[in-house]
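As structure tokens, the structure follows; a few thoughts come after it.
Within every chain, numbering begins at 1; the chains are lettered A, B, ... in the order of the sequence lines, protein sequences first and strands thereafter.
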Amino acid sequence: MEENALEFLFAGFAVFWAGLFIYLVLLQIRLRDIQQEVATLEERLTESENTDTSYGEAISTSESTADSTTPNELSKRDTTTNASSRDA
Amino acid sequence: MVESTVAIETNGLTKRYSGIEVISAATFSLPKGSKTALIGPNGSGKTTLLGMLSSLITPSAGEATLAGHSLTANSQSFRREIGVLAHRPMIYEELSPFENLQFFARLYEIDEQDSRIEDLLRAVGLWQRRQAPAQILSRGYHQRLALARALLHRPQILLLDEPETGLDPEGIRLLDELVLRAPDITVLAATHLIERASSWSDGVLRLERGRIVEATAKPSKTDAPPKIEAPA
Amino acid sequence: MNPMLTLIRKDLQLTWRDRSNWLSALSFACISLLIYSFAFDLVATDLKPLLPGVLWTTFLFVGVFASSQSFQREWDSDVLDALMLAPISPTAIYLGKALTNVISLLAIELVLLLLSTMLFDTAFLTAELILVVVIGTIGYISLTTLLSTLGTRARARSMLFPVLALPLLIPLLIAGVRASSAAMDEPIGSAPWILLLTVFAIWSTASGLLLFPLAVKR
Amino acid sequence: MSATSPDIPEARPSRLQALFTFLLRAVLPVYQRRWVLLPALTGVMMMAMLVGAVLAAPREVVEGDVQRLMYLHVPSATIGTYFSFLITAVASAIFLMSRDIRWDAVARAAATVGVLFTIFTLATGAIWGKPIWGVYWSWDARLTSTLVLLLIYTAYLLARSVAGPNDEQAARYTAIFALVGFLDIPLIHFSVDWWRTLHPQRIIFNTRPAVPNEMLFVLLVAFLAITFLMLWLIALRSDSEQLAQRTDRMRMYLDQRGNN
């Protein structure tokens, strides 16, 4: 074996960090898609004039409510009038 | 076992598909021998409700008892008491009507199978075509074969999902005679033919967006049957 | 287990009635065997150790593709619900279907053994080798029958099924090839390969029995 | 997993579910503060590993500096791969029992991270092997087992991605596949080990003279670092998958409300 196989050591570490980097980029793309979907949902919600009061109830029954403040939680505060009255 | 007068009883039967409540807290009870029409617009959950009652779909919450057997126990004897006629005929098209009934008769372990099969095939008018592979028979005959299969093991309860689909007038007459007017069978049938329903049914269950909005034991002949709010 | 026999009888009757399915699987097997011979010129004496590998890869490919269709008939005409409604346990449905697959695949494999005896003039139809083939077939069929319940859902089922099934069967492939070499008394070391093959068969049947009801429950 | 304990349907609160809920409540306070604990612990430990591996650890006399890849390779091969596939199997089993779709999200997240670490293991193993054995891939027993796991779990992710995030039946099917895949691991190990012994023996790199304890200490640090990194990546991924599930549910609700 050559004594100073340093370039292999760096190659190994480079692969590790590159893998992590790619993983995080994929995660970011996934979150970008979800943000996009939330945005379209909000548009559909605002333009549908009769906000059905059972909207909040149907959604809250399907997931327990009090969410910890996750950094990637995309609960943008709704400025529009009709959607903000619902508290999860 | 005391002879209970209730054939089907549900308590808070619910089915959630990925968060959306397809059936929410259905609670009703149907007396033995009663004929109930299950009506409601498309997508109101009729097929899911029948699917849960026939133990094909596991409920997300709540329970039900059919013919004295609890649904959640899901014992095999429970399935001997119910006959099901679904949207599609659910028969083997490569087998002939006789072979289809023979196969299911063996599964249900019916005694003197051949005579029972012959009676049923004659009753639904398939006796002449009993050896032909089911493929070449028309959709109506498939539905009649499925009807014969549902009655094969003399169930106490029949769950029908739009039984008239694909049946010609003669077939519908058979359906009425064999099932809808048969004295001792309890029937819960989802149907769109509301006006026909009043001719055979002595009760109505109306479903709207997964909720039982009307459960009348005796439908009055006026077109607006009294509205009884089912306990939410 | 009367219901299981009824199911097997019905399945064999149906397989016999429209034999096209089974015949196409048989021809696929023979053709791939011939393709190996064209590719490797296996008659040369020093290539003998390759033969178990050739056999087992053909078995696996035929087996996986054939058993991915096992519930096809039930889905096409929605009969699976009728079977679930019958007073039998879902495991009987699984066992019935798995045994039918084993019977039809064993038939194909025996034909292959016959064919390769002639093609490569080595004795394949020995009792030991047939035992290994039977245990191996039970091993992979019980797994592929469990996995074939995927059909009801994924649209890209046909290509996805081998990708799902084959990696899980790698231990069986290795054990099968080594046990077959041992059966043809090739020198392959002292590891008890037939034992590993049997353990795999027992494990896959047990997981099939336990998990099948969960797979078909709606 | 959202912060409060998941609403497990109380069909029959068996002892098992009572124990399970009790355990969950015990873990909950730690769990709720995961977004503070995990980044901090991962950051500190990864830094310590990096410094330890490259500087503090003594140079291996036989293999030279490339042996420092051990601090990445060994933890990835053990904790990173097997522990995350264990989480996948456990989450799939819980999903099959409780039919709570969020556990399917956890299982998918753990499988994704598991696949990532199998790729790390194979990559660092190959790079480490090149200077020592002169060849990148030598069908070494452990690397081959990791390769088989990579095949199985990429198939799992592929099968799951065909269906939507909230598709319960597809989730149930892939949960069963994850269980079978995990139970396959011992069989893979035996078959690959016995199969590999037929190959000409190469000096496999873990039968070296006793490892000096500085190395052991850095290795321990590396193990902790990889564990926290894995848990953090899984938490990130599973929360975003659950977010996708919730938005998908909202879309379905709006569609359903829209058309009737």
### Message
Between D/Thr247 and chain A, with a heavy-atom cut-off of 4.5 Å, which part of the residue counts as in contact: side chain, backbone, both or neither?
### Response
both
### Query
Under a 4.5 Å heavy-atom cut-off, does chain A meet the side chain of D/Leu233, its backbone, both or neither?
both
### Query
For D/Met46, is it the side chain, the backbone, both or neither that has a heavy atom under 4.5 Å from a heavy atom of chain A?
side chain
### Query
Side chain, backbone, both or neither: which part of D/Ala126 has a heavy atom under 4.5 Å from chain A?
neither
### Task
Identify, with sequence neighbours excluded, every residue that meets salt bridge (charged side-chain N to carboxylate O under 4.0 Å, His left out) alongside D/Arg33.
none
### Task
Counting only heavy atoms closer than 4.5 Å, note whether D/Leu69 contacts chain A via side chain, backbone, both or neither.
both
### Message
Please give me the minimum heavy-atom distance between D/Val113 and D/Ser84, naming the atom from each residue.
### Response
C-OG, 4.5 Å
### Any donor-acceptor pair under 3.5 Å from D/Arg160 side chain to D/Pro165 backbone
yes
### Query
Relative to chain D, which of A/Thr40, A/Ile22, A/Leu20, A/Val15 shows the most heavy atom pairs under 4.5 Å?
A/Leu20
### Query
Using 4.0 Å as the upper bound for N to carboxylate O, is an ion pair formed by A/Arg30 and A/Asp33?
no
### Message
Using a 6.0 Å cut-off, check whether atom CZ of A/Phe13 has over 12 heavy atoms from anything other than its own residue.
### Response
yes
### Task
Tell me, for A/Phe16 versus chain D, whether the close heavy atoms (under 4.5 Å) come from the side chain, the backbone, both or neither.
both
### Task
Provide the closest heavy-atom pair for D/Tyr156 versus D/Ala107 in the form atom of the first, atom of the second, distance.
OH-CB, 3.6 Å
